[in-house]
Amino acid sequence: MPKIKFIPYQLVPASFNPWREIFLDVAQAVIAELAHPDFEFLHFGSSSFKVAGKGIIDISILYKSGELTEAVEHLKNTGFSDQHSNKPFPESRPRKDIAVRFKGETFQVHAHVIELGSEEHLKQINFKTHMLNNPDARAKYEATKQQVIAEGQTVQDDYGKAKSPFVKGVLKEITKPV
């Protein structure tokens, strides 16, 4: 597997870019570089289930109960910085940011620090599984993202907020009792 190089995160405007197979390779390389016996990792988000979008690689670092501080320290020791946002996630559920050079390209990475087995962890797995298994849902998500960009929502915080009703709707649908 090609080597990655961690570099400082670059806050870029949200844009709509085609999904590329290399996103899976980047996530796999980042996870390999972050590997630690105390943590598990999950590549989730659009880049994990073949949906076009910003092209940011979202990875969860999954820690055992009581090990939040250790997980955050692991990321910081690797070069991750605090979330680049005017509305960051709370310290009880932080996100850390970094960029990587891989095969001559730069990719932005968001590391979400999530408790292993938590409700949020399970939602990430269920959403990813649903999206991988439902081409129509992927197409609708891409259309939602294109609409958000067409409306001029290119600040990452605003972009995320504008597309969140789609995600929340899918999560509600896939978790309703049968």
Can you get from Ile98 to Leu42 by hopping between Ile, Leu, Val, Met, Phe, Trp and Tyr side chains that sit under 4.5 Å apart? no
What are the two closest heavy atoms between Ala71 and Val113, and how far apart are they? CB-CG1, 3.8 Å
Out of curiosity, does Leu171 fall in the hydrophobic cluster containing Val51 (side-chain heavy atoms, cut-off under 4.5 Å, transitive links)? yes
Any salt bridge (charged side-chain N to carboxylate O under 4.0 Å, His left out) pairs touching residues 120-131, not counting sequence neighbours? Arg93-Glu120, Glu119-Lys123
Could I get the full list of side-chain contact (heavy atoms from CB on, under 4.5 Å) partners for Glu21, not counting sequence neighbours? Trp19, Leu24
If the condition is side chain to side chain donor-acceptor pair (under 3.5 Å), which residues does Arg20 pass it with, not counting sequence neighbours? Glu105
Of all residues at least two apart in sequence or in a different chain, which pass the salt bridge (Lys or Arg N to Asp or Glu O under 4.0 Å) check with Arg138? none
Is any side-chain heavy atom of Ile61 less than 4.5 Å from a side-chain heavy atom of Leu75? yes
Quick one: list whatever passes ring pair (Phe, Tyr, Trp, His ring centres under 6.0 Å) with Phe41, sequence neighbours left out. none
Measuring only between side-chain heavy atoms, which start at C-beta, is Gln147 closer than 4.5 Å to Glu151? yes
Measuring only between side-chain heavy atoms, which start at C-beta, is Gln156 closer than 4.5 Å to Gln108? no
Between Gln153 and Ala162 the two heavy atoms that sit nearest each other are CG-CB, 4.4 Å
Nearest 0.5 angstrom please: Ile59 CD1 to Ile114 CD1, how far? 13.0 Å
Side chains of Glu67 and Asp38: closer than 4.5 Å at any heavy-atom pair? yes
Test side chain to side chain donor-acceptor pair (under 3.5 Å) applied to Gln146 - qualifying residues, sequence neighbours left out: none
Indicate, with yes or no, if Ile125 and Leu62 share a hydrophobic cluster defined by side-chain heavy-atom contacts under 4.5 Å among Ile, Leu, Val, Met, Phe, Trp and Tyr. yes
Evaluate side-chain contact (heavy atoms from CB on, under 4.5 Å) for Phe16 paired with Glu142, printing each intermediate quantity in order. CA-CA 9 Å; Phe16 186 80; Glu142 285 187 352; 4.1 Å; yes
Within this structure, what is the OG1-CD distance for the pair Thr106 and Gln10, rounded to the nearest 0.5 Å? 5.5 Å
Only counting residues at least two apart or in another chain, list the ones meeting side-chain contact (heavy atoms from CB on, under 4.5 Å) with Pro13. Thr154
Following the transitive rule for hydrophobic clusters with a side-chain heavy-atom cut-off under 4.5 Å over Ile, Leu, Val, Met, Phe, Trp and Tyr, establish whether Phe44 and Phe39 coincide in one cluster. no
Glu115 side chain near Ser65 side chain, heavy-atom distance below 4.5 Å: yes
So how far is it from Ile4 CD1 to Asp25 CG, rounded to the nearest 0.5 Å? 12.0 Å
For the student: nearest non-hydrogen atoms of Leu68 and Pro94, plus distance: CD1-CD, 3.8 Å
Before we go on, tell me: are the rings of Tyr63 and His74 under 6.0 Å apart, centre to centre? no
Just jot down the side chain to side chain donor-acceptor pair (under 3.5 Å) partners of Asp82, sequence neighbours excluded, or say none. Lys96
Verify the cluster assignment for Ile31 and Ile57: are they in a single hydrophobic cluster under the rule of side-chain heavy atoms below 4.5 Å apart? yes
Taking only residues two or more places apart in sequence or in another chain, which ones pass ring pair (Phe, Tyr, Trp, His ring centres under 6.0 Å) with His84? Tyr9
With respect to Ser85, which candidate in Asp157, Leu11, Asp97 satisfies the side chain to side chain contact (heavy atoms under 4.5 Å, CB included) definition? Asp157
For His43, give me all partners under side chain to side chain donor-acceptor pair (under 3.5 Å), at least two apart in sequence or on another chain. Ser47
Tell me, do Lys54 and Lys145 make a side-chain contact under 4.5 Å, heavy atoms counted? no
For Phe6 and Phe80 the tightest heavy-atom approach is CE2-CE1, 4.3 Å
If you look at every heavy atom in Leu122 and Gly117, which pair is closest and at what distance? CD1-O, 4.0 Å
Applying ring-ring contact (aromatic ring centres under 6.0 Å, His included) as the test, list every pair that has at least one member in residues 124-163; sequence neighbours left out. Phe49-Phe127, Tyr141-Phe166
Could you tell me which residues satisfy ring pair (Phe, Tyr, Trp, His ring centres under 6.0 Å) with His121, sequence neighbours excluded, listed by chain and number? none
Measure the shortest side-chain to side-chain distance between Phe107 and Val30 over non-hydrogen atoms and say whether it is less than 4.5 angstrom. no
To the nearest 0.5 Å, what is the distance between NZ (Lys5) and CZ (Arg101)? 9.0 Å
For Gln124 and Ser60, the nearest pair of non-hydrogen atoms, with its separation, is OE1-OG, 2.8 Å
Got a second to check how far Ser46's OG is from Ile56's CD1, nearest 0.5 Å? 10.0 Å
N/O donor-acceptor pair under 3.5 Å between Thr129 side chain and Asn126 backbone: no
